[in-house]
Structures are given as C-alpha cells and as structure tokens.
Protein chains: 4
Amino acid sequence: MSLRERKAARKKEDILRSASLVISRQGFHNATMEDIAAELLMTKGSLYYYFKNKEELLYRCHDLILSDAMDKLESIYLEKISSTEKIKKAIKVHLDIAIREKEIFNLIVKPEQLFSEAHIESIISKRDKYSGIFDEIINQGVEKGEFIIKQKKMARMIILGATNWIQVWYSPEGDFSKEEIEEIYAEYLLKMLV
Amino acid sequence: MSLRERKAARKKEDILRSASLVISRQGFHNATMEDIAAELLMTKGSLYYYFKNKEELLYRCHDLILSDAMDKLESIYLEKISSTEKIKKAIKVHLDIAIREKEIFNLIVKPEQLFSEAHIESIISKRDKYSGIFDEIINQGVEKGEFIIKQKKMARMIILGATNWIQVWYSPEGDFSKEEIEEIYAEYLLKMLV
Amino acid sequence: MSLRERKAARKKEDILRSASLVISRQGFHNATMEDIAAELLMTKGSLYYYFKNKEELLYRCHDLILSDAMDKLESIYLEKISSTEKIKKAIKVHLDIAIREKEIFNLIVKPEQLFSEAHIESIISKRDKYSGIFDEIINQGVEKGEFIIKQKKMARMIILGATNWIQVWYSPEGDFSKEEIEEIYAEYLLKMLV
Amino acid sequence: MSLRERKAARKKEDILRSASLVISRQGFHNATMEDIAAELLMTKGSLYYYFKNKEELLYRCHDLILSDAMDKLESIYLEKISSTEKIKKAIKVHLDIAIREKEIFNLIVKPEQLFSEAHIESIISKRDKYSGIFDEIINQGVEKGEFIIKQKKMARMIILGATNWIQVWYSPEGDFSKEEIEEIYAEYLLKMLV
DNA sequence: CATGAATGAGAGTTCATTCAT
DNA sequence: AATGAATGAACTCTCATTCAT
C-alpha cells in the first residue's frame, strides 16, 4: 500500500469514526451527510469521494464495528479457559462495545429498515456468525457439564438482549462503574445457565 | 361528553390504531402521515384535525400502548399470588406487548431521538413508572425471601432488556409458539433471581 | 369525470404545456423542475403532486405531442385524396408540429439518452407507428404509380430528416412565412418521389 | 513551436479525440469531465491544464470536427467536376462525418444550449461558412443549368436536414452498408435539384 | 505536468404541514 | 370534518472547478 493509499484509508476510517459519533448522538435517521462531514470539518460533497453513497458509508461503519466485535469475541472463544469464564468474558466484551457504539449496534437490530438488498445478506450473515460464537460457547459449556440449560438458542437471545439493552440506560455518571456493571451482568446472566 | 366529542374520540383511537399498525409494519421513520391516513382511507390533511402534528400523534400512540401495558402490569401487581408468580406473569405480559407492538415499543427505548422536550419528560416518567412496578415486584420477592438478589435495579434491567429484545427475532413462523417462548423466558429469567 | 378530476386533469395539462415551453426555450437538460414550476408560478414540490418524477413528466409531455401528431397524421391518411396530396399534407403537418414543439420533437430523436427502460419501449413503438404512416402513404403512392421510388424507407428517412431539421433554422421573422416554407418543402420533397 | 509546445498540442488533440469518443457514446450531457479523462487514463484535474473549462474543451472539439469537415468540403468544391458530381460528393462526405461524429454534430444544431456568448458567434459563423459551400455548389449548378431549383437556400436546408438526420437511425448492422446509403441519399436528393 | 482531494452550487425528490373550500 | 392542493425546508447526490503538493 502506497503512502497515498494509506492516507486515503486513514481518511476513510476518520469518516467512519465521525459517522459513528454523529450517529451515536443523533441516531441514523437524524444523522445527515452534512452532519457527518461537519464533524470532520469537511463538506458533504467530499464524503462522496470516499463512499459512493450514504448507505455504503453506513454499511462500512456497521461492518467495522461488527468486525471488531467479532475479533474480540473469537479470541475469547479460543482461549484455554472454562466455558464459564468464556461466557463471562464474552458478556463483558459485548457490553463494552454496546456501550461504546450504541447506535451502530442498533443497526444490527433492524438492518432491513436501513440497508438495501445489496448489503442485507452480508450483514445478516455477519450478525449470525457473531451470535454463533455465543452459541458455541454455550454448547461447549453444556457438553462439559458446566451449564445446565435446554433451550440454548433462547438463552443466547436472553443474554444478547439483556446486554444490548444497556445502551438505553448506561451513563458514565451512574452509580456503578462500567466494570462493576459488567461484572454484575456477567454474574447474573451466568446464574441462568447453571 | 357530547356525541360529537365521543365521535371524535373514537376517530382518534382509530387513527392511533392505524398508526400503530403502519409503524409496526414499516418502522416510524418510514411511516409517513400519508401511509397512516391511507390505512384508514383518509387523506393526510385530515389527520391534522385530530392531532396537531406528527409528533403529537406518535406521542399519543406511544402513550396508549404504554398505558395499556401499565394497566395490565398493575393488575398483576395487585393479585394475591407469590412474587415468583408475579414476576413470571409480568414477564409474559411484557413479552406479549413487545411482540405485538414492536416498533412502538422501540420508541420507549430512545424517546430523545423522536420526541421534543414537550413530551420527553412525560414519556420518561411513564417509562420509569412502568419499570417501577417491576422493581416493586422484585423488592417484594426479596423481602419475602423468594428472590435472592442484591442488585435489584440491575436485575430489572436485565429482565426488560432480554424481553424487549424479542422483537428482533420473534416470528410467528418460528419453532416455538408465543406461549412456549413466554414460558421459557419466564423460567430462565427467574433462575437469575433465585 | 368529476369536477375535481377535471380540474386536476386540466392542471396536468397546464404543467405539460409549461414544461413544453420551458424545454423549448432551454432544452431538456437545462430545464429544471424549478423552471417548469416557476413558469406556472408554482413551486417545484407541487409538481410532484401531479407527476411522480421528472422522467414521468417528460414522458407525458412527449406522449402528448406525439399523440397529437399521430391523430393529425392518421386523419390525413384516411382522406380520400391522391397519395401525392397525402404526402404533401403529411409533410406540412409534420413541419407545423416540428416548428411549434421543437424541443419536444427532439426527444423523439434520442429517447435513450433521457428515458429509462420503463418508457423507452412505449416511446419507440409510438415513434415507429408514426413513421409507419409515412411509409404507408409512400407505399400506396408507389402501388398506384404516383411515386417512382425504390428505397421507400430511405425516402421516408430523408423526408423526416429534412422536415425535423427545420427547427434549427426556422424563425417567424424569416423571409418566408411558415405557409410558404411548408409549400416549398412539400413541393421539393415530392420531386424526390416522382 | 518548441518541443514542449508540440507535446502539449499533441496532448490537446488526444483529449479532443477522447472527448469526441465519449460524447459520441454517451451524449454531451451525460459525458462528464471524469469520463473524458478516464478514456485517456488521466484524471479530470489534468484536463484543466489543457483547457480552461468544459465549455472550452467542447468548443475545441466541435471546432476540430467542423474544420475537418470544412477542409473536405472545400476540396470537393475546388475539384474540376460537374456540379452534379460535386453535390453528390458533398452529400456523401457530409453523411460520412455525421455518422462518425454524431453527437458532436448535434452541437452544431443547437449551440445556444451549450455554448456561452463567447463562442456562439464563432460557431455560427463557421457553421454558416460550411453551409455556404453547399450554397455555392448549388448556385454554380443552377448557373450552369445542371440544377433547376428556385429556392436554393431551402434546398440546401433540405439536404443538410436529411443528411444530419442519419445519425438517428444509422447502424453498422443495418441492411445497407454505409456506402450504399450514401449512394442512395445522394441520388434521391439530387432528384430534388434537377 | 499530473494528481488526489476538496469544494460548492444546484439538481431531483420527499414529506410534514397548512389552508381554502 | 374532510379533502385536494400547495408549500418549503431538508435531504441525498452529482459534477465542474480549484489547488496544494
């Protein structure tokens, strides 16, 4: 990759970061291209130099965060620790991202309302892959006898639902630190599995 | 209430129902005033006779559903049954509404993005009141020794998060009936409390 | 048709007329929706109440003029006169329209550049039908021995080309009146056929 | 002319050729500076080194082709052949260019829509000069008794109109070869003059 | 010389809202 | 009470043009 290309790649990332920020603040539907550009002191026209349209930009945004989440989750999955530890760590990581990227994470919820067919498939498949790791961890735990749960899919849904919800109420100024919250969530959700 | 007023009240309800329907189908951001009117074979201009603007309409819509949920929840709260039974019933009722009114329920999640300051306070207070009943049920359970849980608020958050999330994946064509799902959810979430 | 509908139909026609005018003045590519609306003292948004988008509006515009031309041409075709008279009259009518609706007539030339697949077929078929009447007149003339020409299609092309071209140079202030020009064109082009 | 200047001149020609190509393919209104540059594997910014803006480029493009046509037409005019032969040759040459440079030739039709006042005069004067040669040929033919036609200007208009029109329908895959078409056109249009 | 990047004006389109009838 | 019609602001997107490097 040449210097030029690296610069362009960096700029693209900057834009995605800016987009994430604006979206987190205003929600996607209220985030205009102008807003996103303004955040970077650019003009909206310039965005189109890097992304062919708004959907593409949003898609990349979404993809970036989901990929990042995937990486973290996968490396937990590969660790040599008990399933109990794995699910706890997974919950914490998921909470962490859900707090940081709240709006983007919401895109994962209803991609149909925002993305056209061109992207929807890829998004859903990535989302399923992500959930799949949770399933795997739960499966292993059940096999090893660490977890006692019959409806494994449902348990995963409960876990993801509960953790995603955190965006709604979490505030850095709250009574508990992020770490404390993560610890409690992990502990409580684990009670459900054992 | 005069006949005329009763007629108008009835019409307002019709509109709210129609709005709920359209919003559930398309999401709010994709539900135009025209869509809502069309559902009732009206024209969008007429809606403004009953509601002063779109936000007002959406607010009433939201309010209606939340009030309905409140009523159901309160009557459960007042029943003479164990806290365990109460929380189970509450979870089931909440799931029921979340499934039926998925899009409207989303409004509860982030009212700031849609509602202006005129309504936001009322919405949040109603939402808090609703959550408060869950808190009460949990509190009573703990006091009576039915539940063993320290972070009661957090537990409530987990319960509401998990149940709200159901809209994302529930489909009438799925492997489980709505009743089965409700049963499993109630059972699993209860494990967390005891 | 109710009064309302008649009014709306009339308005649509007004818009088409306005569009024709603006297009004649500025060419389609330079005719914006705003220009067209301004001609009628409307705002561009209103146009969308009557036509779903610019292409649709342009298509209707084009269709109106071509249909009108068709009617005139067909009635000439059905007259009980010699082929010589018919082709003369046809040429005059065509010149007449070409002068009046110069830009719109140009649409007939290159529909591909402006219309999407939704309309292109209908346009081409109408255009072909129009040319077809010229062909018929020529055919009949040849059969009856009035015309002596081998390449009938080519002759038709020459006639239409020559007459369409008139938009380029005709001016009401020129040396000849429109009627004189039509007479001369008809006479000269006829020489080619006999 | 220095080496540098010669190089620049050559490049300018390349650009004009490329522009002609792109315009022929897409029409001017759909031919962007980017398209033209891409054809030469350049970036659009570079075009501005050679031409001060798009209009200038288009003007030169147009000028090049018209000058070329002029040259060919003039040399025919100077040949020692009958007026009949001259007009035939002129028609064929004109058809040839009209087919090859269809879109550019269209510019000749309505320069007002594309060119600003800075160029319009020069374009019209060149166009008139071009037409003037046709007039001259016709004049000579009439003087020599080869042609019998009163409205000479009108006859020239018919000829140019008919021949320009060929762009609309000519296709290399058609029933007739280009040469056959040219022959027929020349023959038929001549019938009008004699 | 050439390019990558940025700009800004303007286009088409959507939609909540208003209002005379 | 209801509607048809009109409006205007906001949005996405395009593209000729500029300019530092």
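In what follows, chains are A, B, ... by sequence order, proteins preceding strands, each numbered from 1.
Dashed line: the shortest gap from a side-chain N or O of Arg4(D) to OP1 or OP2 of dC1(E) is under 4.0 Å. Here Tyr49(C) reaches the OP1 or OP2 of dA5(F): one of its side-chain N or O atoms lies under 4.0 Å away.
Although no hydrogens or angles enter the test, the distance criterion places no donor-acceptor pair under 3.5 Å between the side chain of Glu56(A) and the main chain of Asn53(A). Judged by distance alone, with hydrogens and angles left aside, the side-chain atoms of Ser18(B) form no donor-acceptor pair with the main-chain N or O of Asp14(B) at under 3.5 Å. Between the Asp35(C) side chain and the Thr32(C) main chain, a donor and an acceptor come within less than 3.5 Å of each other.
The pair Glu39(D)-Arg25(D) counts as a salt bridge, with a side-chain nitrogen and a carboxylate oxygen less than 4.0 angstrom apart.
Between the side chains of Thr43(C) and Ser46(C), at least one donor N or O lies within less than 3.5 Å of an accepting N or O.
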* Structure fact -> Counting primed atoms, P, OP1 and OP2 as sugar-phosphate and everything else as base, the B/S/- map of nucleotides 9-19 of chain F against protein heavy atoms under 4.0 Å is --SBBBSBBB-

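Counting to the nearest Å, the C1' atom of dA1(F) and the CG atom of Asp14(B) are 14 Å from each other. The interatomic distance linking Leu3(A) (CG) with dA5(E) (C1') rounds to 14 Å, in whole Å. Between Leu41(A) atom CG and dA6(E) atom C1' there is a gap of 13 Å when expressed in whole angstrom units. What separates CZ of Phe51(B) from C1' of dA2(F) is a distance of 15 Å, to the nearest Å. When the C1' atom of dA5(F) is taken as reference, atom CZ of Arg6(C) falls 18 Å away, rounded to whole Å. The CG atom of Leu40(B) sits 14 Å away from the C1' atom of dA1(F) (whole-angstrom rounding). In this structure, CE of Met42(C) is placed 10 Å from P of dA5(F), rounded to the nearest angstrom. Note: CZ (Phe28(B)) to P (dA16(E)) measures 14 Å, nearest angstrom.
Under the salt bridge (charged side-chain N to carboxylate O under 4.0 Å, His left out) criterion, Glu13(C) pairs with Arg17(C), sequence neighbours left out.
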* Asked: Could you spell out the base pairing of DNA chain E in dot-bracket, with Watson-Crick or G-U pairs whose two distances are under 3.5 Å, [ ] crossing and | to another strand?
  -> .||||||||||||||||||||

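Here dA2(F) is the nucleotide among dA2(F), dA5(F), dT7(F) with the atom lying nearest to any side-chain atom of Lys11(B).
Under the 30°/60° scheme for interplanar angles, the aromatic rings of His119(C) and Phe115(C) are found to stand perpendicular.
Counting non-hydrogen atoms of other residues, nucleotides and ligands closer than 6.0 Å to CD of Glu55(A) gives a total above 12.
Here Tyr50(D) lies in heavy-atom contact (under 4.0 Å) with sugar-phosphate atoms only. Counting any heavy atom pair closer than 4.0 Å across all strands shown, Ala8(A) reaches sugar-phosphate atoms only and no base atom.
You'll find the side chain of Ser67(D) reaches within 4.5 Å of the side chain of Lys126(D), heavy atoms only.
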